Amino acid sequence: MKVSQLFGRTSKTEGIDYKIPSHRMLTQAGYIRESTAGRYYLLPLGLNVHDKIIDVVRKHMNAASAQEVVMPVLHPLELWQETNRTTTTGFELMKVTDRRNAEFALGGTAEEMAVDLVRKFNISYKDLPFNIYQFSMKFRDEMRARGGLLRVREFVMKDAYSFSNEAQFKEIYQKMWDAYKAIFEELGLKADVVAADNGYIGGEYCHEFVVESEQGESRYFIDETSGYAAHEDVATFKVDDKNLDEAMHDMEEVDAVRGTTMEDGVKFHNLPLWQQTKDVLFFDEATKRYILAIIRGDFDVNETKLMQAAGAWELRPATEEEVRDDLGSEPGFISPIGMVKKGNKSGHDVVIVGDKSLRTVRNMYGGANKKHRDILNINIDRDYKPDIEADIALAQPGFMSPDGGKLVEKKGIEVGNIFQLGYHYSNLMHDAEYTDETGKRQKYYMGCYGIGIGRTMAAIVEAHHDDKGIIWPDTLAPYTVYVARIGEAEAVMKAADELYEALQAAGVSVLYDDRVEARAGEKFADADLLGIPYRVVVSDRTIKSNQYEVKKRTETDAQMLDKDNVIKVVAGVK
RNA sequence: CGGGGUGUGGCGCAGUUGGCUAGCGCGCCGCGUUUGGGACGCGGAGGUCGAAGGUUCGAGUCCUUUCACCCCGACCA
């Protein structure tokens, strides 16, 4: 390709105010162009790389015996109603109506479609297991698009859906895990595999593939000695026992003219923070219940874990008015003891969820549901009993991992994930069944597996760039060689043209900077910005010796080679 | 959706307490001089000042409404 003919061009100023390197460089180098917030044009260079990433993903999916299909982008809305996801998805579903008034959802993920497709075939155990996948545009009406390709409203996703029985599933999940490791490794990314929350997708467990990056939005913890890795939403840690050797004392209600913070309580009673109870009241809009979370004073409540434990969907903190008027308690002095759980003013029940850390402390202290009154020597079981006991504590850097090492906090870009879905969808959708060996109908046991192609592209740039521009891994670069022709002397033009032809004849992909209007500095700057692995200069200087100047993007020194050796060096990387 | 901010040629911006023909740099087109790390001169094209309504003799500038975009939060590939 000749630069003079390439659609899209580099710019010194375009995108200069984009803060995130991949966003700025991909825009300035002419790989992408924004349409409106979160929707991008992929220009020829951008599509070139995007396609190469897809090729890598496809290769490994096929090797893991997944089979490629394409599903419609418009999903019949009935399917989403079947699984109740018209209301429970984290992203706002985008809907369209056709001329017959049939309603469709713009696909944001395709579990329902996959199930609907498979059940049309009335399959039996002989068909299992199998895994079908596609590359297709996904639509998500994100609250806020951000960071160029990192978080957008339309993007190509590779999404795969596996169907099996329960016994077969582990192997499929492992296969996808291994395929993902191989994919990201081939793409030049070091991905951590992190346990995470299933969220609106459903199922019981899942893993995210996260590339460590300052620009990432995922926070996760790693125990570097054991390899334990978990998203902050689900990370667990070892809780130390505090004063379990102490005898239980009698409960006592006392005056407590103090402020409403935890520190106020510590100061007033002159007792450790960990001995205080932290009582946090939430309201779940989905199930219309109050949820009272109780935890040891030195820990915080993890809302994701709390939602899982309580079966809640739309948690929000309760307001001060609700605490007072509905529950007859007092902000800052909430307590499970004496809490009216049923038949309170609002008619909404209260569910008490206790963290397991409450069993590591004796004789705790906390509010008495009355202003300026506290209770001392509170002990679980004797004085109150949570409706649900679970781990609802938020992990913090430095805490001890379940394996005994230290938890280190990291930030990263989530480029892919794998979900166990189990019977989640086959329970919700009718006829999601196969016939087993005995002729009985059994539900599909499912998994799903996603990779965002554009986000992966951005993650690669985040991982591979310098202050001059992108540094593509050799196999992903849109072109292997950038031929920079300097000057317009007849002999130079001829030599450059010949080199361009010769490289192409040798099967090397070349971007030939034949612009007469651009000067040397501009061409060098563009070669660096574009991130092409090799730059070959043809100029007065080089043709004098009948040689060419060859420089790798990753190196500072160039070498002089004759044409055959240029081709030899460069042909090795295509 | 909550909080903060910005909308003026393709990009980056200036435009004072309302005032005359809306400017500058980059980029783009033409001619010339240049030619190894983003040159220079001369000439040129390109603008419903985000949109709608209002105040006024007069609005880029003031008022109202609205839309878009950016940054911070909750969500995700």
Side-chain angles (χ1 to χ4, degrees), chain A residues 8-20 23 27-28 33-39 53 57 88-92 108-110 135-160 180 184 191 196-201 206 208-211 216-218 231 233 303-304 307 313-317 413-419 448-459 468-469 484-489 492 515-529 535 537-542 549 551 556 558:
Chain A
R9 67 167 155 266
T10 59
S11 165
K12 276 193 286 187
T13 54
E14 211 116 32
I16 202 91
D17 63 329
Y18 297 142
K19 311 249 174 319
I20 291 167
H23 188 193
T27 302
Q28 277 188 253
R33 190 63 188 244
E34 191 175 60
S35 161
T36 58
R39 303 181 199 281
I53 294 170
V57 174
T88 57
T89 48
F91 56 92
E92 196 67 30
T109 171
F135 294 94
S136 79
M137 198 57 89
K138 296 294 180 289
F139 299 84
R140 299 197 177 170
D141 199 1
E142 294 285 347
M143 304 286 193
R144 185 159 84 85
R146 170 188 169 269
L149 296 185
L150 284 179
R151 180 185 203 71
V152 296
R153 297 198 168 104
E154 280 186 41
F155 62 99
V156 172
M157 178 163 80
K158 185 284 299 173
D159 46 326
Y180 273 38
F184 293 119
D197 179 62
N198 287 53
Y200 65 82
I201 304 275
C206 72
E208 295 182 351
F209 287 70
V210 183
V211 177
E217 296 181 278
S218 283
H231 192 96
D233 289 346
E303 290 188 31
T304 305
M307 285 199 276
W313 266 111
E314 283 179 79
L315 223 50
R316 62 162 174 82
I413 302 166
E414 182 190 343
V415 287
N417 61 16
I418 55 179
F419 286 88
C448 73
Y449 319 88
I451 293 177
I453 305 299
R455 181 182 283 184
T456 298
M457 181 164 149
K468 291 190 174 128
R485 189 183 70 198
I486 310 293
E488 290 160 69
V492 172
R515 292 174 296 176
V516 292
E517 69 277 10
R519 293 151 49 98
E522 210 171 330
K523 294 189 179 189
F524 296 156
D526 278 351
D528 289 341
L529 177 61
R535 187 187 78 191
V537 177
V538 186
S539 73
D540 271 335
R541 282 188 207 173
T542 66
E549 180 192 291
K551 190 184 91 64
T556 46

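Below, chain A is the first sequence line, B the second, and so on; all start at residue 1. Remember, it's a predicted structure, so these values are computed and weren't measured experimentally.
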Which is true for [X] with a 4.0 Å heavy-atom rule: it touches a base, it touches only sugar-phosphate, or it touches nothing?
X: A:Phe419; result: sugar-phosphate
X: A:Ala525; result: base
X: A:Asp159; result: nothing

Write down the distance between [atom1] ([X]) and [atom2] ([N]), rounded to a whole number of angstrom.
X: A:His231; N: B:A77; atom1: NE2; atom2: P; result: 11 Å
X: A:Arg153; N: B:C76; atom1: CZ; atom2: P; result: 16 Å
X: A:Arg9; N: B:G38; atom1: CZ; atom2: P; result: 20 Å
X: A:Arg485; N: B:U35; atom1: CZ; atom2: C1'; result: 13 Å
X: A:Arg144; N: B:G73; atom1: CZ; atom2: C1'; result: 8 Å
X: A:Glu488; N: B:U35; atom1: CD; atom2: C1'; result: 8 Å
X: A:Glu517; N: B:C28; atom1: CD; atom2: P; result: 7 Å
X: A:Lys12; N: B:C13; atom1: NZ; atom2: P; result: 16 Å

### Query
Taking N and O atoms by type only, does the side chain of A:Arg535 place a donor or acceptor under 3.5 Å from a partner on the base of B:G37?
yes
### Query
Is A:Arg455 side chain donor-acceptor paired with the B:C76 base, going by distance under 3.5 Å alone?
yes
### Message
Salt bridge or not between A:Arg39 and A:Glu154? Use side-chain N to carboxylate O under 4.0 Å.
### Response
yes
### Query
Distance check: side-chain N/O of A:Arg519 vs OP1/OP2 of B:A39, anything under 4.0 Å?
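For B:A39, OP1/OP2 do have a side-chain N/O of A:Arg519 under 4.0 Å.
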### Task
Provide the distance between the two C1' atoms, one in B:G25 and one in B:G38, to the nearest whole Å.
15 Å
### Query
B:C70 and B:G32: how far apart are their P atoms, nearest whole angstrom?
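Pairwise P distance, B:C70 against B:G32, rounds to 44 Å.
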Are [X] and [Y] packed together at the side-chain level, in the sense that at least one heavy-atom pair is separated by less than 4.5 angstrom?
X: A:Phe155; Y: A:Leu149; value: no
X: A:Arg9; Y: A:Arg515; value: no
X: A:Lys138; Y: A:Asp159; value: yes

### Message
For A:Asp526 and A:Thr10, which I'm curious about, is there any donor-acceptor pair between the side chains at under 3.5 Å?
### Response
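Result is yes, a qualifying pair exists.
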### Query
Given that both distances must come in under 3.5 Å, which nucleotide forms a Watson-Crick or G-U wobble pair with B:U64?
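WC or wobble partner is B:A52.
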